[in-house]
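Since the structure comes first, as structure tokens, the remarks are kept for the end.
Any value given below was found using the heavy atoms of this structure, including those in side chains, with hydrogens, waters and symmetry copies removed. What you see is a predicted model; the values in this text were computed from it and never measured.
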Amino acid sequence: QVQLVESGGGLVQPGGSLRLSCAASGSIFRVYNMGWFRQAPGKQRELVAFIDSGGSTNYADSVKDRFTISRENAKNTVHLQMNSLLPEDTAVYYCNAGPSTAWNTNYWGQGTQVTVSS
């Protein structure tokens with residue numbers, strides 16, 4: 001019913017920036033909660049940031065003041081601006097969208113690789 005496609009990942013040097021985007025299909029995007037998760041090799045998937053249908057945002061402590069999540073409801077798109085990237089940010093980043101904050105019950109994108117390395 002809902003398809004999510006992430007883009008914008010790639011290889012960047014420490015201190016650099018990337019902007020991830022997630023484009024969603026569907027007619028009820030405006031009422032969805034939107035989140036970005038990441039999973040590093042050998043580690044559990046973790047919540048990085050989310051923005052609810054009212055525009056309220058929250059961030060993991062590890063990315064606060066470096067990352068910014070935003071949404072464009074008219075374009076069915078959510079973004080993650082990542083600045084001052086660290087090698088520890090290397091992971092596959094996944095978009096999540098749905099009516100619930102029980103994230104595993106929502107829709108997932110396929111993921112986009114972010115590698116921070118010199």
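- For residues 75-86, the set of pairs meeting the salt bridge (charged side-chain N to carboxylate O under 4.0 Å, His left out) definition, not counting sequence neighbours, comprises Glu72-Lys75.
- With sequence neighbours excluded, the residues that form a side chain to side chain donor-acceptor pair (under 3.5 Å) with Gln110 are Glu6.
- Linking ILVMFWY side-chain heavy atoms closer than 4.5 Å, directly or via other members, places Leu86 and Leu47 in two distinct hydrophobic clusters.
- A search for side-chain contact (heavy atoms from CB on, under 4.5 Å) contacts involving Ala23 returns Thr77, not counting sequence neighbours.
- Minimum heavy-atom separation, Tyr32 to Ala97: CD2-CB, 3.9 Å.
- Not counting sequence neighbours, Thr101 has no partner by the side chain to side chain donor-acceptor pair (under 3.5 Å) test.
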Q: Start with the C-alpha gap between Leu85 and Leu18, add the side-chain angles, then the distance that decides, and say whether side chain to side chain contact (heavy atoms under 4.5 Å, CB included) holds.
A: CA-CA 8 Å; Leu85 283 162; Leu18 286 173; 4.2 Å; yes
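- Scored by the salt bridge (charged side-chain N to carboxylate O under 4.0 Å, His left out) test, Arg19 finds no partners at all (sequence neighbours excluded).
- In summary, the side chains of Ser21 and His79 do present a donor paired with an acceptor at a separation below 3.5 Å, with no hydrogens or angles considered.
- In summary, of the residues considered (Asp89, Leu20, Ile69), a side-chain contact (heavy atoms from CB on, under 4.5 Å) with Met82 occurs for Leu20 alone.
- Applying the salt bridge (charged side-chain N to carboxylate O under 4.0 Å, His left out) definition to pairs two or more places apart or across chains, none involves residues 99-118.
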Q) Do Trp36 and Asn96 pass the side chain to side chain contact (heavy atoms under 4.5 Å, CB included) test, and can you show the C-alpha distance, the side-chain angles, and the key distance before you say yes or no? A) CA-CA 6 Å; Trp36 284 98; Asn96 179 288; over 6 Å; no
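- Evaluation of the side chain to side chain donor-acceptor pair (under 3.5 Å) rule for Asn83 yields Ser17, Gln81 as partners, not counting sequence neighbours.
- Partners of Ser100 under the side-chain contact (heavy atoms from CB on, under 4.5 Å) rule, at least two apart in sequence or in another chain, are Ala102, Thr105, Asn106.
- Shortest non-hydrogen contact noted between Cys95 and Val78 is SG-CG1, 3.8 Å.
- Residue Gln3 places its CD atom among 12 or fewer non-hydrogen atoms of other residues, nucleotides or ligands, all under 6.0 Å distant.
- Each ring pair (Phe, Tyr, Trp, His ring centres under 6.0 Å) pair with one or both residues in residues 96-118, not counting sequence neighbours, appears once here: Phe37-Trp103, Phe37-Trp108, Phe50-Trp103.
- Here the CG atom belonging to Asn58 is positioned 9.0 Å from the NZ atom belonging to Lys64, to the nearest 0.5 angstrom.
- For the salt bridge (charged side-chain N to carboxylate O under 4.0 Å, His left out) condition, the pairs that include at least one residue of residues 41-53, sequence neighbours left out, are Arg38-Glu46.
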Expected list for residues 111-118: side-chain donor-acceptor pairs under 3.5 angstrom, two or more places apart:
residue : atom : partner : partner atom : Å
Thr112  : OG1  : Gly9    : N            : 3.3
Gln113  : NE2  : Ala91   : O            : 3.4
Gln113  : NE2  : Thr115  : OG1          : 3.3

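- A disulfide bond (SG atoms under 2.5 Å apart) check over residues 30-90, counting only residues at least two apart or in different chains, returns nothing.
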